[in-house]
Amino acid sequence: MTATADISAAQSAREEELIQTVVESFSNAPDDRLRTVMQALVRHLHAFIRDVRLTEEEWNSAIAFLTACGHITDDRRQEFILLSDVLGASMQVVAVNNEAYANATEATVFGPFFDQDAPLVENGADIAFGAAGEPCWVEGTVTDTEGNPIAGARIEVWEADEDGFYDIQYSDDRKAARARLFSDENGGYRFWGLTPTPYPIPYDGPVGKMLEAVGRSPMRASHLHFMVTAPEKRTLVTHIFVRGDELLERDAVFGVKESLIKDFVSHDADEATPDGRDLDGHTWSSARFDIVLAPADV
Ligand code: BEZ
Ligand code: FE
């Protein structure tokens, strides 16, 4: 394969002239931002094509791959989010848009399994709603970066069951292992969830085939999702991860951040639970996650 460095000056000039022509075709776009984004997209796309000297066969495979992503995508399955995630693009967008601020909790990837109609629960509720898994007591506070409690913060939580599936991956419209709750007057929150377990991102489609072709695993490190919103605060989309999980080093979507790794303490069945709940002889775990929200305008 010819490297771009090896092509003749005349060939290089032809390729560059095409880029110029295409970039200029966007120059009358009335929206400045759209013009900037489209022109940059063209420059980077052409740079990629030239860099690897992409063959026509490879370009046709890329089109076929994207077409397959479209065909498998529906209300429940979003192959393009998976693609963005496994390419690290989702985490790069998170990084660009959530600059570290003081001691604010770090953000991570959103993923495709959020449901905006999660059941509303009181603090202390069991959000498993029958989903399989070991009960896990999760508690913490929501504060601003000065340590002031934030009462009434909206906290959305969601997670996979111990079989590795989110409720929306089942075809029976169940709502399980997800909920919406609000921090109390002291900024505190607490609920019973499930001890997070590792699971693969859906790999029965084109993204899974691509991962297999490049020798990458679809497994995600065990985690519990949070989205936290409060007036005048930057919305936080994040997860907490389980300290000791062997997948922390090779999460399929690059979502792990050191500050988000938490101790999930294992408890014997005969140990008293924080709220006196009788777990019928089951072991359980507990984790603490104190959430710090950045101001909205940083
Ligand atoms: C998730 O954590 O739910 C997820 C994130 C990225 C891709 C697939 C699933
Ligand atoms: Fe997840």
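Keep in mind it's a predicted model, so treat the numbers as computed, not measured. Residues take their numbers from the sequence shown, with the count starting at 1.
- Here the side chains of Tyr189 and Val142 are in contact, with some heavy-atom distance below 4.5 Å.
- Arg50 has its side chain within reach of Ile7: a pair of non-hydrogen atoms, C-beta onward, lies under 4.5 Å apart.
- Under the 4.5 Å side-chain heavy-atom criterion for Ile, Leu, Val, Met, Phe, Trp and Tyr, Val23 and Leu41 are members of the same hydrophobic cluster.
- Separating the CG atom in Leu82 from the CZ atom in Arg77 is a distance of 6.0 Å, to the nearest 0.5 Å.
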Test salt bridge (Lys or Arg N to Asp or Glu O under 4.0 Å) applied to Arg190 and Asp275, step by step: CA-CA 10 Å; Arg190 60 210 73 85; Asp275 61 348; over 6 Å; no
Test side chain to side chain contact (heavy atoms under 4.5 Å, CB included) on Phe80 and Leu66 and set out the steps. CA-CA 8 Å; Phe80 291 101; Leu66 292 174; 4.2 Å; yes
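- Looking at Asp245, its side chain does come within 3.5 Å of a backbone N or O of Ser222 through a donor-acceptor pair.
- Evaluated for a ring-ring contact (aromatic ring centres under 6.0 Å, His included) with Phe113, the options Phe165, Tyr166, Tyr170 yield exactly one hit, Tyr166.
- Checked by atom type, the side-chain pair Trp158/Glu156 shows no donor-acceptor distance below 3.5 Å.
- With hydrogens and angles ignored, the 3.5 Å screen pairs a side-chain donor or acceptor of Arg180 with a backbone N or O of Gln116.
- In this structure, Tyr203 places its OH atom where only 12 or fewer heavy-atom neighbours from other residues, nucleotides or ligands lie under 6.0 Å away.
- Pro135 approaches Arg277 most closely through the heavy-atom pair CB-NH1, 4.5 Å.
- Phe182 and Phe191 fall into different hydrophobic clusters, where Ile, Leu, Val, Met, Phe, Trp and Tyr side chains are chained together by heavy-atom contacts under 4.5 Å.
- Ring pair His223/His225 is perpendicular by interplanar angle, where above 60° counts as perpendicular and below 30° as parallel.
- Contact record, Val292 with Asp144: CG1-O, 3.6 Å, taken as the closest heavy-atom pair.
- What you find for Ala252 and Ser217 is that their closest heavy atoms are CB-O, 3.6 Å.
- Residue Gln20 holds its CD atom at 10.5 Å from OG of Ser25, rounded to the nearest 0.5 Å.
- Here the CD-CE distance, from Glu246 to Met219, works out to 9.0 Å after rounding to the nearest 0.5 Å.
- Thr105 contributes no side-chain N or O that, together with a main-chain N or O of Ile291, makes up a donor-acceptor pair within less than 3.5 Å.
- Of the inter-residue distances, the one linking Ile150 atom CD1 with Leu293 atom CG reads 4.5 Å to the nearest 0.5 angstrom.
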Could you give me the CA-CA distance, side-chain angles and deciding distance for Arg243 and Leu248, then say whether side chain to side chain contact (heavy atoms under 4.5 Å, CB included) is met? CA-CA 8 Å; Arg243 194 178 312 285; Leu248 288 172; 5.5 Å; no
Working for salt bridge (Lys or Arg N to Asp or Glu O under 4.0 Å), residues Arg35 and Asp32: CA-CA 5 Å; Arg35 183 174 60 248; Asp32 285 350; 2.8 Å; yes
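- Glu58 and Thr55 share a side-chain donor-acceptor pair at under 3.5 Å.
- Note on Asp172 versus Arg76: no salt bridge recorded, every NZ/NE/NH1/NH2 to OD/OE distance being 4.0 Å or above.
- Under a 3.5 Å cut-off, the side chain of Asp85 and the backbone N or O of Val253 do not form any donor-acceptor pair.
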Please evaluate residues Val42 and Met38 with respect to the criterion side chain to side chain contact (heavy atoms under 4.5 Å, CB included), reporting the C-alpha separation (whole Å), side-chain torsions for both, the decisive distance (0.1 Å), and the verdict. CA-CA 6 Å; Val42 167; Met38 292 309 298; 5.6 Å; no
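- Between Thr195 atom OG1 and Leu224 atom CG the span is 10.0 Å, to the nearest 0.5 Å.
- With Arg14 as the partner, the side-chain hydrogen bond (donor to acceptor under 3.5 Å, both in side chains) test is satisfied by one option alone out of Glu17, Gln11, Glu16: Gln11.
- Within the 3.5 Å criterion, the main-chain N or O of Ala294 finds no donor-acceptor partner in the side chain of Arg234.
- For the pair Asp161 (side chain) and Asp167 (backbone), a donor-acceptor distance under 3.5 Å is absent.
- Contact record, Val109 with Gly255: CG1-CA, 4.4 Å, taken as the closest heavy-atom pair.
- Residues Glu162 and Gly133 approach most closely at OE1-CA, 3.5 Å, considering heavy atoms.
- Counting only distance, with no hydrogens or angles, the side chain of Ser183 and the backbone of Gly152 share a donor-acceptor pair below 3.5 Å.
- Atom CD of Glu271 sits in a crowded spot, with more than 12 heavy atoms from other residues, nucleotides or ligands closer than 6.0 Å.
- Under 3.5 Å, the side chains of Asn103 and Thr145 contain no donor-acceptor pair of N or O atoms.
- For the pair Asp290 (side chain) and Thr141 (backbone), a donor-acceptor distance under 3.5 Å is present.
- Counting heavy atoms of neighbouring residues, nucleotides and ligands inside a 6.0 Å radius, atom CD of Glu122 does not exceed 12 of them.
- Linking Ile, Leu, Val, Met, Phe, Trp and Tyr residues whenever their side-chain heavy atoms come within less than 4.5 Å leaves Trp192 and Leu120 in two separate clusters.
- At least one side-chain heavy atom of Phe65 sits under 4.5 Å from a side-chain heavy atom of Val207.
- Under the 3.5 Å distance criterion, the side-chain polar atoms of Lys175 are left unmatched by any main-chain donor or acceptor of Phe129.
- Linking Ile, Leu, Val, Met, Phe, Trp and Tyr residues whenever their side-chain heavy atoms come within less than 4.5 Å places Ile127 and Val228 in a single cluster.
- Contact annotation: the side chain of Pro202 never approaches that of Glu79 to less than 4.5 Å [non-hydrogen atoms, C-beta and beyond].
- Residues Val256 and Leu247 form no side-chain contact, since every pair of their non-hydrogen atoms from C-beta on lies 4.5 Å or further apart.
- For the pair Asn97 (side chain) and Val93 (backbone), a donor-acceptor distance under 3.5 Å is present.
- Taking each heavy atom of Ala272 and Trp284 in turn, the nearest pair found is O-CZ2, 3.2 Å.
- Within the 4.5 Å cutoff, the side chain of Glu232 has no heavy atoms near those of the Pro295 side chain.
- Residues Ile201 and Arg220 meet the side-chain proximity criterion, which asks for heavy atoms closer than 4.5 Å.
- Cluster annotation: Val214 is connected to Phe254 through the hydrophobic network of ILVMFWY side chains, with a link wherever side-chain heavy atoms come within less than 4.5 Å.
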Under the side chain to side chain contact (heavy atoms under 4.5 Å, CB included) rule, what do Phe226 and Val138 come out as? Steps first, then yes or no, please. CA-CA 12 Å; Phe226 281 78; Val138 183; 4.2 Å; yes
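- In this structure, a donor-acceptor pair under 3.5 Å is absent between the side chains of Thr235 and Thr229.
- Within the 4.5 Å cutoff, the side chain of Phe110 has no heavy atoms near those of the Ile81 side chain.
- Taking CG of Leu194 as the reference point, atom CD of Glu159 lies at 4.5 Å (rounded to 0.5 Å).
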